[in-house]
J.: 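Quick one: the structure is below, and I'll ask about it shortly.
Bear in mind the structure is a predicted one, so any value in this text is a computation, not a measurement. Sequence lines set the chain letters: A, B, ... in the order given, protein chains first and strands last, and positions in each chain run from 1.
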There are 4 protein chains.
Amino acid sequence: MTSAPKRRRRPDARPDEILDAALAVFSAKGFAAARVEDIAREAGLSKGAVYLYFASKEAMLNGLVEQSAGELAKGAEQLVALGAPQDPETAFRGLLRMLFAAMGDPDINAAPRLVFAEAGRFPEIAAHYRSQVLDVARRALRALLAAGVESGAFRDVDADAFMRATGGPGIAHMALTSIFGFPPDQLTDPAEMADALADILLNGLKPRVPAL
Amino acid sequence: MTSAPKRRRRPDARPDEILDAALAVFSAKGFAAARVEDIAREAGLSKGAVYLYFASKEAMLNGLVEQSAGELAKGAEQLVALGAPQDPETAFRGLLRMLFAAMGDPDINAAPRLVFAEAGRFPEIAAHYRSQVLDVARRALRALLAAGVESGAFRDVDADAFMRATGGPGIAHMALTSIFGFPPDQLTDPAEMADALADILLNGLKPRVPAL
Amino acid sequence: MTSAPKRRRRPDARPDEILDAALAVFSAKGFAAARVEDIAREAGLSKGAVYLYFASKEAMLNGLVEQSAGELAKGAEQLVALGAPQDPETAFRGLLRMLFAAMGDPDINAAPRLVFAEAGRFPEIAAHYRSQVLDVARRALRALLAAGVESGAFRDVDADAFMRATGGPGIAHMALTSIFGFPPDQLTDPAEMADALADILLNGLKPRVPAL
Amino acid sequence: MTSAPKRRRRPDARPDEILDAALAVFSAKGFAAARVEDIAREAGLSKGAVYLYFASKEAMLNGLVEQSAGELAKGAEQLVALGAPQDPETAFRGLLRMLFAAMGDPDINAAPRLVFAEAGRFPEIAAHYRSQVLDVARRALRALLAAGVESGAFRDVDADAFMRATGGPGIAHMALTSIFGFPPDQLTDPAEMADALADILLNGLKPRVPAL
DNA sequence: CATGAATGAGCTTTCATTCAT
DNA sequence: CATGAATGAAAGCTCATTCAT
């Protein structure tokens with residue numbers, strides 16, 4: 001509560017503060033159109049100070065992506081690992097709920113949105129995301145799928161199709177809400193949306209009755 | 001059919017040639033990093049000539065988006081309108097096949113990818129896409145859903161959830177293949193992928209047996 | 001006498017005009033402190049236009065050095081080659097006159113001064129000057145010396161010492177007049193200065209009388 | 001004589017340590033491109049500490065020049081003053097030896113090289129060097145020349161020409177070896193080079209035989 | 001005395017846009 | 001219609017200098 005002395009607030013928080021600011025500005029203007037000075041101002045620093053912590057604008061983007069990729073992958077993996085063995089269906093519902101909650105929150109989906117927008121022109125970022133997020137997610141989903149097949153809850157569908165069926169709606173949700181400002185007609189609550197999806201997908205994954 | 005001297009084939013094709021070139025360059029470098037000179041070269045014109053047809057770089061982006069939005073919406077609408085009344089399930093399968101074929105082809109998905117990447121910073125583009133593509137798609141899907149419910153093929157699920165469940169996997173497919181270069185494990189053929197998805201979703205949409 | 005249209009005076013003279021301007025500005029401020037904008041203004045162009053002809057500030061320096069090195073070496077070589085066979089002493093006097101005339105004229109010695117000042121931090125420039133100017137000069141002097149020895153006009157002194165004895169005073173002249181603004185006490189005319197030097201050196205190079 | 005803790009050896013040596021560091025960095029990169037931080041590191045200090053001793057980067061350059069100018073002039077003057085009365089020829093040989101030894105040693109000629117490179121854009125430095133070094137050297141040479149004339153060893157040549165003939169080869173030696181990395185063909189030893197020069201010049205300065 | 005985080009002016013370079021030809 | 005030289009407004013990055021600690 002003491003007066004904050006302009007300079008040197010939290011000694012080691014600077015890099016993270018800058019990354020937060022960078023995410024905000026990149027997210028708002030795109031990487032190429034973002035100005036370092038804007039990031040600096042957003043972080044409460046001068047332009048030059050930013051370069052004490054990051055060697056270039058691109059270094060900030062990389063730092064950002066690494067940070068977010070780590071969090072993302074860890075989250076999904078844990079969730080699946082936790083619930084899968086006991087009850088694949090419940091684990092799947094939980095996964096979708098988390099996915100929609102994250103993808104529907106502009107603050108949380110800012111990093112993924114950025115990666116979507118920029119990965120096309122930064123092969124390193126694409127590769128990093130692929131190995132740190134997508135591959136991890138695929139493994140997690142494959143495990144979940146295997147557990148479900150084992151328990152008799154799921155049919156043995158193609159893992160890549162399963163990944164698209166599961167993750168795709170989340171991405172679509174993000175795009176519709178945070179990029180296009182699409183007004184939701186009925187299902188405003190992410191959890192309800194997730195449950196509605198889970199309802200369709202779990203039903204669709206269920207083993208068919210022999211007669212059919 | 002007379003021999004054309006390379007240039008000035010169809011006197012009015014210039015704008016479209018430029019838009020094609022612009023799509024290629026925007027897609028490769030992003031709007032902000034794309035140089036008008038590159039677009040001009042790609043179109044076989046001088047830098048100055050481009051400005052005879054478009055008032056600014058942003059005008060090219062708008063033209064591009066309008067063009068692509070028109071095509072996209074028309075395609076989806078027609079497909080649904082055509083097949084829906086007779087056989088909603090077959091129409092749905094056809095829709096998914098078209099979606100995956102389009103989203104898996106880098107030449108075709110270039111425009112949607114671009115819109116995804118740039119809509120965040122161009123509200124007009126977002127609005128245009130929303131009204132010309134998303135709203136149209138929603139109406140078409142709603143009609144398809146209604147037809148399916150009517151015929152007893154589908155349950156009456158939420159339309160927005162249905163849209164996410166249908167379009168999402170297509171977007172995911174585009175991202176995985178064209179942005180992240182994700183290697184498909186088993187399902188390389190878009191049609192098979194579409195069918196696998198249709199299999200899951202149609203099953204999931206099927207009305208439950210009362211007993212269950 | 002027609003009105004000069006601001007743009008496009010002599011179509012292909014631009015690079016040379018820019019190099020002239022660059023020499024003036026580099027010479028006045030040094031390479032590092034020179035601003036491209038100053039060069040542009042000196043050349044009657046905008047900042048950006050300079051980059052239509054040279055890729056970078058350093059490219060201008062290189063262009064400058066190459067240009068000047070070529071002229072310099074050619075001049076010295078021709079002079080020596082012309083007079084040496086007939087009359088080494090006269091050729092030597094001519095060489096010194098040319099050297100002092102060049103080194104005493106700020107417009108002419110600007111390029112050598114620049115090379116002196118910057119070669120230390122641009123190894124390529126040093127190497128280029130060494131091979132294109134210094135080595136050529138050494139060969140020319142060696143030939144002159146050999147001709148003089150043959151004709152009995154010179155003793156057979158060390159070629160490198162001869163080079164220092166001949167070129168050094170020229171460099172000193174340049175430094176004293178153009179760098180330090182040293183006021184000449186008596187010998188203001190470069191030709192007289194050259195002749196006074198020639199008098200000392202030719203006398204010193206003369207074979208000693210056996211008795212002495 | 002007690003063990004010094006590395007830092008703070010001689011309390012007043014700091015300025016000189018900084019000047020040493022500054023000379024090294026200026027010499028390597030040129031004044032404009034030299035960074036104060038590099039100088040500080042070279043001197044084993046923090047960037048800020050340098051400013052406790054020098055008000056600005058330019059102040060370091062001035063300090064450096066003053067220091068070196070003093071040493072240089074004093075050396076030459078003493079040498080000439082010492083030997084001139086007794087034996088002008090020997091004094092001249094000694095002067096040349098000292099000159100070549102100094103000009104051939106990169107550590108010793110660093111300061112003169114720097115002055116050569118920068119005096120053009122720092123009028124104060126040029127003026128200081130002119131009055132503290134060049135004028136002193138001219139007086140010393142004039143005295144040596146007068147002594148030689150008196151003793152019958154030298155002809156009465158122009159003093160400025162004499163200065164160029166004496167100092168020029170030294171400057172050339174410095175340039176060839178320390179700036180251009182010119183490979184010496186035969187005379188590697190500075191003393192031999194000085195003697196070869198002395199041989200030519202002393203011979204050239206000798207009064208002519210009446211008959212000639 | 002000493003530190004090093006912070007500042008901000010200034011520089012090189014790029015590129016959308018214009019316009020004389 | 002077409003060209004491409006020219007413009008000039010940015011923007012990324014550097015670094016001399018300051019100052020709270």
J.: Mind checking what makes side chain to side chain donor-acceptor pair (under 3.5 Å) contact with D/Asn109, not counting sequence neighbours?
T.: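 Applying side chain to side chain donor-acceptor pair (under 3.5 Å) to D/Asn109 gives D/Arg113, D/Ser178.
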J.: Ring pair (Phe, Tyr, Trp, His ring centres under 6.0 Å) with B/Tyr129: which residues, sequence neighbours excluded?
T.: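 Expected list: A/Phe180.
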J.: Establish whether the base of E/dG10 is bridged to the side chain of A/Lys47 by a donor-acceptor pair shorter than 3.5 Å.
T.: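 Pair found.
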J.: Starting at the 5' end of DNA chain F, which residue's closest nucleotide do you reach first, D/Ser56 or B/Leu52?
T.: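 In this pair, the answer is B/Leu52.
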J.: Considering residues at least two apart in sequence or located in another chain, which fulfil the salt bridge (Lys or Arg N to Asp or Glu O under 4.0 Å) criterion with A/Glu118?
T.: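 Checked A/Glu118 against salt bridge (Lys or Arg N to Asp or Glu O under 4.0 Å); matches are A/Arg121, B/Arg121.
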J.: By salt bridge (Lys or Arg N to Asp or Glu O under 4.0 Å), which residues pair with B/Arg35, not counting sequence neighbours?
T.: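 Scan of B/Arg35 (salt bridge (Lys or Arg N to Asp or Glu O under 4.0 Å), adjacent residues dropped) gives B/Asp38.
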J.: Figure out the CD/P separation between D/Glu37 and E/dG4, and round it to whole Å.
T.: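 One finds 10 Å between P of E/dG4 and CD of D/Glu37, rounded.
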J.: Can you tell me how far apart CD (C/Glu37) and OG (C/Ser46) are? Round to the nearest 0.5 Å.
T.: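 OG of C/Ser46 is found 9.5 Å from CD of C/Glu37.
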J.: Between D/Arg14 and E/dC1, does any side-chain N or O lie under 4.0 Å from OP1 or OP2?
T.: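 No, D/Arg14 has no side-chain N/O under 4.0 Å of OP1/OP2 on E/dC1.
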J.: What's the CD1-C1' distance between B/Ile18 and E/dA16, to the nearest Å?
T.: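 It works out to 15 Å between those atoms.
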J.: Can you tell me if B/Tyr51 touches the phosphate of E/dC19, counting only side-chain N or O atoms and a distance under 4.0 Å to OP1 or OP2?
T.: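 The answer is no; no side-chain N or O of B/Tyr51 sits under 4.0 Å from OP1 or OP2.
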J.: Starting at the 5' end of DNA chain F and moving along, which residue's nearest nucleotide shows up first, C/Leu45 or D/Val36?
T.: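 It is C/Leu45 whose nearest nucleotide is closer to the 5' end.
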J.: In dot-bracket form, how is DNA chain E paired, counting a Watson-Crick or G-U wobble pair only if both its distances are under 3.5 Å and using | for bases paired to another strand?
T.: .||||||||||||||||||||
J.: Here's a test of your reading of the structure: between B/Ala49 and C/Ala55, which maps to the more 5' nucleotide of DNA chain E?
T.: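 Upstream on the strand: C/Ala55.
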J.: Within this structure, what is the CZ-to-P distance between D/Phe54 and E/dA2, rounded to whole angstrom?
T.: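 Computing the D/Phe54:CZ to E/dA2:P distance gives 13 Å.
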J.: Starting at atom NZ of C/Lys57, determine the distance to atom P of E/dG10, rounded to an integer number of angstrom.
T.: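 Answer to the nearest Å: 15 Å.
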J.: Does B/Tyr53 make a side-chain N or O approach to OP1 or OP2 of F/dA2 shorter than 4.0 Å?
T.: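 Answer is yes, contact under 4.0 Å.
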J.: Rounded to the Å, how far apart are C/Arg41 CZ and F/dG8 P?
T.: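 Answer to the nearest Å: 12 Å.
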J.: Closest approach of D/Ala43 and D/Glu17, non-hydrogen atoms and distance?
T.: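 Closest heavy-atom pair between D/Ala43 and D/Glu17: CB-O, 4.1 Å.
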J.: For a quick test of reading the model, state the closest non-hydrogen atom pair linking D/Ala21 to D/Ile39 and the distance between them.
T.: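 Here D/Ala21 and D/Ile39 meet closest at CB-O, 3.5 Å.
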J.: Please determine which of D/Leu52, D/Leu45, D/Leu19 meets the side-chain contact (heavy atoms from CB on, under 4.5 Å) test together with D/Arg14.
T.: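 Exactly one option meets the side-chain contact (heavy atoms from CB on, under 4.5 Å) with D/Arg14, and it is D/Leu45.
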J.: I want to confirm an ordering. Mapping A/Gly48 and B/Glu58 to their closest nucleotides on DNA chain E, which one lands closer to the 5' end?
T.: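 Its nearest nucleotide being more 5', the pick is A/Gly48.
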J.: In whole angstrom, give the distance that lies between atom CD1 of B/Ile39 and atom C1' of F/dA2.
T.: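 The answer, rounded to whole Å, is 18 Å.
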J.: Specify the residues of residues 24-35 of chain A, ordered by number, for which at least one heavy atom lies under 4.0 angstrom from an atom of DNA chain F.
T.: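 Within this stretch, A/Ala34, A/Arg35 sit under 4.0 Å of the strand.
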J.: Look up atom CG in D/Leu64 and atom CZ in D/Phe54, then write down how far apart they are to the nearest 0.5 Å.
T.: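 D/Leu64 CG to D/Phe54 CZ: 8.5 Å, rounded to 0.5 Å.
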